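Report on one structure; see the data block that follows.
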Amino acid sequence: MKRDFETYWYKDIREIGTIKELLDGSAGLYAENPAFWVKRKKGAPYEAVSYRLLKHDVDSLGTKLVDMGLRGERIAVMGQGCYEWIVSYLAVVNGTGIAVPIDKDLTPSEIGNLLSAADCHTIFCTAAESGKLKDIPGIERKVVMEIYGDRTSEEEAPSTGLVPKDGSAVWRNLLAEGEMLLKEGDIRFTKAEIDPEALSVILFTSGTTGNPKGVMLNHRNITSNIMDVCRIAHILESDKTLSILPIHHTYECTLGMLLVLYRGASTAFCEGLRYIVQNMKEAHNTVLIAVPLVLEMIYSKIWKSVAKQGKEKTLKRAIRINNRLKSIGIDMSRRLFSQIHRELGGSLRMVITGAAALSPNVYRGFEDLGIIVLQGYGMTECTPLISGTPQSSGERYKKAGSVGVPVRAGEVKIIGQDENGIGEILFRGPNVMMGYYNMPEETAEVLDSDGWLHTGDLGFEDKDGWIYLTGRKKNIIVTKTGKNIYPEELEIQANASPYIADSMVFTSLRNGEETVGIQILPDLEYIKEQLGEVPEESDLYRLMKKVIGELNESLPNYKRIRDVFVRKEDFTRTTTKKIRRQDNTEVK
């Protein structure tokens, strides 16, 4: 349904049709502003890389790639989130060929499968991942990206030798060679015409074995979504983000990198998940783009720290007072919760989350502390955003649990609705993929002739057009009486217990009959704090049974969880920390 949400949208949007226009425009508008913040080595202070230098590096590398005869080629980029990764990506899509981002955590055989599926023979990789490629057939060119190192300007770029002993090229040397070509007047890359409708990126959704699905995206898909996200989330030129998510994923690459560059803001690279809080204090980032699991971890640590200080009642009272003040237009969050804000770097004003459902309690908890929370819903096939909670809407707090309203250029409809209005979500808009690479039949299964994408997600719209998700179509548990149970709904309720770190609801077999079961990952740190020790296995099981029993009392009989399994190891997860249900059928 197409609804009018004009009152939500920000209007200061610079029209762009290609990623090349995005970079050229931002480099012109914000030339001396920092675009990225990098470290020479782990633990060192952050140093700025300007928009001017970013564009220079992209043009230099792109010019060299064209000179190497790579025009029109599929070129993979793999490695940790770093400046070199984004420069390589931009150099490929802005005038060279087609970018193929690859998950660095895959096995060599999985990487080889994706490269083969994408017809890709050239790859950029960071040194840590280089060893995975030595036995993969079909790789004709390999470029090793050194992390920023000691280079601070283009004048200092080394120009020593192009090919190291192992036959791979060195990223920084290619950059230097490209710079020389630019100085000699080579304009083959900088003046390249970009077709906004032509294939520019192949992104793999998941499924690294068998026939993986490569989502085909063009510049128009990406730029239309960037502009639409900026209409919902008002990123400022002065904003700084901290990049913590896998950079190959469209959520981080499109929203965490390209959107930030479009707005003239900057990004600092996190040194790893265990360094998040430390890097926030060093970077003083104002915006954090994260998956719910990370936000829930941060929020849990806040309250654990408060509890250790014996200040839970004091903080809860301060929140109540501040919420009353906010209702009359007075916000004392920064003053009342200054210690908490300092622990988060001192400058954080907004978090943006997606990829999975965020607990409404955590959502409201951050907002209570004076930090704006914007929740999005999307998928790789939509580049990625389908809907989001508008920053300008005062309804965010009372609609916690919603994934917001559809992006401006798109529309949503819900088909096959049950008596509660729950059905499959379909989406149509300029950000919808071109299709799956070399998979016409699989494309036809999800993308109909009218441009509607079948998301496979279930949900409903409220009277104001806000979307609520209830789960994945393929995950529904149907009882003998025909009732639908949505595992994700039960998991949110179970995970609200401080004794549970995470959980997965699934169909369990008991005496040959299907019933509702749950696998629980206990929060052993919290349990130890409460009990003084981690209980024996049998006692831990009884504790989890008790927690689930209390949850069952609030549920209708058909939704009640009958079988409880306690995990000793974490779930197998995707790179965005979602549980891979198909890989967690056995309790570990």
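Given the structure is predicted, the values throughout are model-derived calculations rather than measurements. Worth knowing before you read on, the calculation uses all heavy atoms, side chains too, and leaves out hydrogens, waters and symmetry mates.
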Query raised in the report: How close do P522 and L540 get, heavy atom to heavy atom, and via which atoms?
Result: CG-CD2, 4.0 Å
Query raised in the report: Can you tell me how far OG1 of T241 sits from CG of L348, rounded to the nearest 0.5 angstrom?
Result: 11.0 Å
Query raised in the report: Mind checking whether I518 and I548 have side chains closer than 4.5 Å, heavy atoms only?
Result: yes
Requested in this report: I would like to know whether R349 and L236 meet side-chain contact (heavy atoms from CB on, under 4.5 Å); could you show each step before the answer?
Outcome: CA-CA 11 Å; R349 70 178 185 89; L236 307 172; 3.7 Å; yes
Report task. State plainly whether the residues E21 and R14 are in salt-bridge range, i.e. N to O under 4.0 Å. Result -> no
Query - Chi angles and distances behind the side-chain contact (heavy atoms from CB on, under 4.5 Å) call for K474, R581 - result: CA-CA 11 Å; K474 64 182 180 181; R581 292 178 186 273; over 6 Å; no
Query raised in the report: Between R263 and D12, is there a side-chain N and carboxylate O pair less than 4.0 Å apart?
Result: yes
Query raised in the report: Could D457 and K473 be called an ion pair, given the rule that one side-chain N must be under 4.0 Å from one carboxylate O?
Result: no
Report task. For I16 and M227, work out which heavy atoms get closest and say how close. Result -> O-CE, 3.4 Å
**Report entry** salt bridge (Lys or Arg N to Asp or Glu O under 4.0 Å), paired with E282, selected from K39, K240, K42
**Finding:** K39
Requested in this report: Scan side-chain atoms only and decide if E252 and S243 contain a donor-acceptor pair under the 3.5 Å cut-off.
Outcome: yes
Query - From N484 atom CG to E419 atom CD, the distance as rounded to the nearest 0.5 Å - result: 8.0 Å
Query raised in the report: Hey, are the side chains of F269 and V38 touching, using non-hydrogen atoms and a 4.5 Å cut-off?
Result: yes
Query raised in the report: With a 4.0 Å cut-off, would you call K304 and E529 a salt bridge?
Result: no
Query raised in the report: Are any of the side-chain heavy atoms of M504 and R567 separated by less than 4.5 Å?
Result: no
**Report entry** Set of residues satisfying ring-ring contact (aromatic ring centres under 6.0 Å, His included) with respect to Y377, sequence neighbours excluded
**Finding:** none
Report task. Anything under 30° is parallel, anything over 60° is perpendicular, the rest tilted; go ahead and classify Y30 against Y51. Result -> tilted
Query raised in the report: Is it the case that S224 and N431 place a side-chain donor and acceptor less than 3.5 Å from each other?
Result: no
Query - ring-ring contact (aromatic ring centres under 6.0 Å, His included) involving W85 - partner list, sequence neighbours excluded - result: Y89
Requested in this report: Report yes if some heavy atom in the side chain of N279 is under 4.5 Å from a heavy atom in the side chain of I244; otherwise report no.
Outcome: no
Query raised in the report: Got a second to check how far L521's CG is from E569's CD, nearest 0.5 Å?
Result: 10.0 Å
Query raised in the report: Would you say the side chain of V516 lies within less than 4.5 Å of the side chain of I561, judging by non-hydrogen atoms?
Result: yes
Report task. Answer yes or no: is there an ion pair linking E411 with R3, defined by an N-O contact shorter than 4.0 Å? Result -> no
Report task. Count the heavy atoms belonging to other residues, nucleotides or ligands that lie under 6.0 Å from CD of E6, then report whether that count exceeds 12. Result -> yes
Query raised in the report: Hey, what do you get for CG (L255) to SG (C230), rounding to the nearest 0.5 Å?
Result: 9.0 Å
Query raised in the report: Relative to the ring of Y10, is the ring of H234 parallel (under 30°), tilted (30 to 60°) or perpendicular (over 60°)?
Result: parallel
Query raised in the report: Is there side-chain contact between V294 and T353, with heavy atoms separated by less than 4.5 Å?
Result: no
Report task. Specify the closest pair of heavy atoms between V373 and T389, including all atoms of both residues, with the distance to one decimal. Result -> O-OG1, 4.0 Å
Query - Positive for side chain to side chain contact (heavy atoms under 4.5 Å, CB included) with E381, one of V432, L453, N221 - result: L453
Requested in this report: Take I500 and N495, measure what side-chain contact (heavy atoms from CB on, under 4.5 Å) needs, and give me the verdict at the end.
Outcome: CA-CA 6 Å; I500 297 177; N495 293 349; 3.6 Å; yes
Report task. Indicate the atoms forming the closest heavy-atom contact of P390 with W466, along with that distance. Result -> CD-CH2, 3.7 Å
Query - Minimum side-chain heavy-atom gap V260-V287 below 4.5 Å - result: no
**Report entry** Pair S508-T515, side-chain donor/acceptor within less than 3.5 Å
**Finding:** no
Report task. Measure the shortest side-chain to side-chain distance between N225 and C382 over non-hydrogen atoms and say whether it is less than 4.5 angstrom. Result -> no
Query raised in the report: Under 3.5 Å, is there a donor-acceptor pair between the D583 and T572 side chains?
Result: no
Requested in this report: For the residue pair F5 and W9, categorise the inter-ring angle as parallel (less than 30°), tilted (30 to 60°) or perpendicular (more than 60°).
Outcome: perpendicular
Report task. Could you tell me whether the side chains of D368 and N323 share a donor-acceptor contact shorter than 3.5 Å? Result -> yes
Query raised in the report: Do the rings of F366 and Y299 sit parallel, tilted or perpendicular, given the 30° and 60° boundaries?
Result: tilted
Report summary line: Closest heavy-atom pair, M280 versus L344, reported as atoms and distance to 0.1 Å, is CE-O, 3.3 Å
Query raised in the report: Looking only at heavy atoms, which two atoms of A290 and L245 are closest? And how far apart?
Result: CA-CD1, 4.1 Å
Query - Carboxylate-amine/guanidinium proximity below 4.0 Å for K301 and E343 - result: no
Requested in this report: Kindly compute the distance separating CG (N552) from CD (Q493), expressed to the nearest 0.5 Å.
Outcome: 10.0 Å
Requested in this report: Apply side-chain contact (heavy atoms from CB on, under 4.5 Å) to I232 and V229, showing your working.
Outcome: CA-CA 5 Å; I232 292 174; V229 175; 5.6 Å; no
Query raised in the report: Quick one: does NZ or CZ of R580 land under 6.0 Å from the six-membered ring centre of F571, within 45 degrees of the ring axis?
Result: no
Report task. Please determine which of T383, T254, T380 meets the side chain to side chain contact (heavy atoms under 4.5 Å, CB included) test together with L203. Result -> T380
Query raised in the report: Among V403, L458, I415, I467, whose side chain to side chain contact (heavy atoms under 4.5 Å, CB included) with I425 holds?
Result: I467
Report task. Examine the side chains of S305 and Q309 and answer whether a donor and an acceptor come within less than 3.5 Å of each other. Result -> yes
Query - Distance, nearest 0.5 Å, that separates CG of L259 from CG of L385 - result: 10.0 Å
